[in-house]
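This chain uses plain numbering: 1 for the first residue, then up along the sequence. Atoms within each ligand, like the ligands themselves, are counted from 1 in listed order.
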Amino acid sequence: MNERHVGAPGQVKEVTSLANPLIKDIKALALKKFRDQQNAFMAEGLKLVIDALDLGWQIRTLVFAKAGRGNAAVEKVAARTVAAGGTVLEVSEKVLVAITRRDNPQMVVGVFTQKFLALKDIRADNGDVWVALDRVRDPGNLGTVIRTVDAVGAKGVILVGDTTDPFSVETVRATMGSIFAVPVARANTEAFLAWRGGFSGLVAGTHLKGAVDYRSVDFSRGPVLLMMGNEQQGLPESLAASCDRLLRIPQAGRADSLNLAVATGIMLFEIRRGALKLEPIADQQ
Ligand code: SAM
């Protein structure tokens with residue numbers, strides 16, 4: 001392993017061997033067991049890494065491809081990583097392919113410390129929208145929900161029960177960077193229900209047997225907690241019974257139900273309808 005100085009006030013370690021222990025640790029982040037052990041996760045892409053740093057996430061390791069050497073943006077991120085006490089690795093294409101398990105990997109990968117919001121720290125004010133996901137299983141669904149929560153300006157996501165990992169590579173990819181902007185809390189059903197008891201706003205569940213058309217509800221008063229059910233089983237009785245309203249999205253055709261992330265998106269845009277305005281598009285020239 002060679003060390004050299006960059007324009008950044010720190011050092012870059014050059015790594016070409018897959019047997020390097022630092023690389024082994026990063027590769028292990030593909031497995032939840034090791035993500036939990038290291039309390040870390042991986043995000044791919046220069047823009048994501050910059051966004052994460054801007055939003056105050058703690059970077060542990062920055063990995064970049066040899067092709068990034070001399071790239072001003074990469075050098076700047078490398079300097080920020082060193083300033084934050086992180087390690088910077090310049091690696092071969094082979095190493096980057098192995099870390100990301102992709103044939104055409106991004107030029108930059110960041111390893112960050114995981115962060116969960118504690119339920120007790122959630123403050124729900126008027127106009128705030130939170131989404132509770134019951135036992136969400138699919139990383140693509142979870143990532144898409146986090147991205148949509150970000151897009152509509154909702155406040156965050158609460159994972160209830162045994163769910164897929166918000167910090168898995170698949171989920172992080174599906175969030176397209178929103179993992180760094182959207183607070184995520186987690187709780188077992190019991191703790192969630194205790195917290196829900198103190199929630200002062202409207203608790204709107206969605207259910208295939210819901211009696212109320214989601215378009216008929218006034219969401220403008222107070223905070224809203226939107227509760228979405230598991231992909232296979234929907235909301236269990238204990239959670240459904242804790243909702244103020246059980247809402248249904250009318251459907252035509254033969255499909256039994258909507259995909260969880262699609263249903264969440266429809267609900268969120270309806271709940272946030274009054275708050276969302278089209279901004280003029282900046283002149284491209
Ligand atoms: N077989 C499941 C069931 O019986 O509920 C289907 C679950 S659906 C794939 C996943 C979640 O998306 C549901 O629990 C509900 O929260 C939401 N959802 C999907 N389609 C919906 C609809 N038409 N109306 C209300 N919620 C819906």
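Under the 6.0 Å distance and 45° angle rule, Arg35 does not count as a cation-pi partner of Phe41. Remark: Lys115 is positioned above the aromatic ring of Trp57, its terminal NZ or CZ atom under 6.0 angstrom from the ring centre and at most 45 degrees off the axis.
Scanning the protein heavy atoms around atom 7 (C) of ligand 1, the nearest turns out to be Glu231 O, 3.3 Å. With hydrogens left out, the protein atom closest to atom 5 (O) of ligand 1 is Gly234 CA, 3.3 Å, a heavy atom. Of the protein's non-hydrogen atoms, Gly229 O, 3.5 Å is the one closest to atom 11 (C) of ligand 1.
Ligand 1 places these atoms under 4.0 Å from at least one heavy atom of Arg248: 24 (N), 25 (C). Those atoms of ligand 1 that come under 4.0 Å of a heavy atom in Ala263, given as number and element, are 12 (O), 17 (C), 18 (N), 19 (C). Residue Leu247 has at least one heavy-atom neighbour below 4.0 Å for each of these atoms of ligand 1: 25 (C). Contact atoms of ligand 1 toward Gln232: 1 (N), 2 (C) (distance under 4.0 Å to a heavy atom of the residue). The ligand atoms of ligand 1 that sit less than 4.0 angstrom from a heavy atom of Met228 are 16 (O), 17 (C). Residue Thr206 approaches ligand 1 through these ligand atoms, each under 4.0 Å from one of its heavy atoms: 15 (C), 16 (O), 17 (C), 25 (C), 26 (N).
Of the listed residues (Leu258, Ile249, Asp213, Leu208), the one carrying the non-hydrogen atom nearest atom 8 (S) of ligand 1 is Leu258.
With rounding to the nearest 0.5 angstrom, the CZ atom of Arg196 is 6.5 Å from the CE atom of Met227. Atom-to-atom distance recorded for Asp244:CG and Leu202:CG is 5.5 Å, nearest 0.5 angstrom.
Using a 4.0 Å heavy-atom cutoff, Asn259 is absent from the residues neighbouring ligand 1. The shell of residues lying under 4.0 angstrom from ligand 1, judged by heavy atoms, excludes Thr264.
Salt-bridge annotation for Glu270 and Arg273: present, with a side-chain N of the basic residue lying under 4.0 Å from a carboxylate O of the acidic one.
The proximity of Met227 to ligand 1, defined as any non-hydrogen pair under 4.0 Å, does not occur for either the backbone or the side chain. Residue Asn230 touches ligand 1 through its backbone alone, judged by heavy-atom distances below 4.0 Å.
Hydrophobic clustering, with ILVMFWY side chains joined whenever heavy atoms are under 4.5 angstrom apart, keeps Leu142 apart from Met176.
For Gln38 and Arg60, the side-chain atoms include no donor-acceptor pair closer than 3.5 Å.
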Practice prompt. Output, in order, the C-alpha distance, side-chain angles, deciding distance and verdict of salt bridge (Lys or Arg N to Asp or Glu O under 4.0 Å) for Arg69 and Glu14.
Written response: CA-CA 11 Å; Arg69 192 186 285 183; Glu14 290 181 36; 3.5 Å; yes
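The closest donor-acceptor contact from the side chain of Thr189 to the backbone of Gly161 lies at 3.5 Å or more, if one exists at all.
Here the two rings, on Phe180 and Phe112, have centers that are under 6.0 Å apart.
Of the polar atoms of Gln251, at least one N or O is found under 3.5 Å from an N or O of ligand 1, judged by distance alone.
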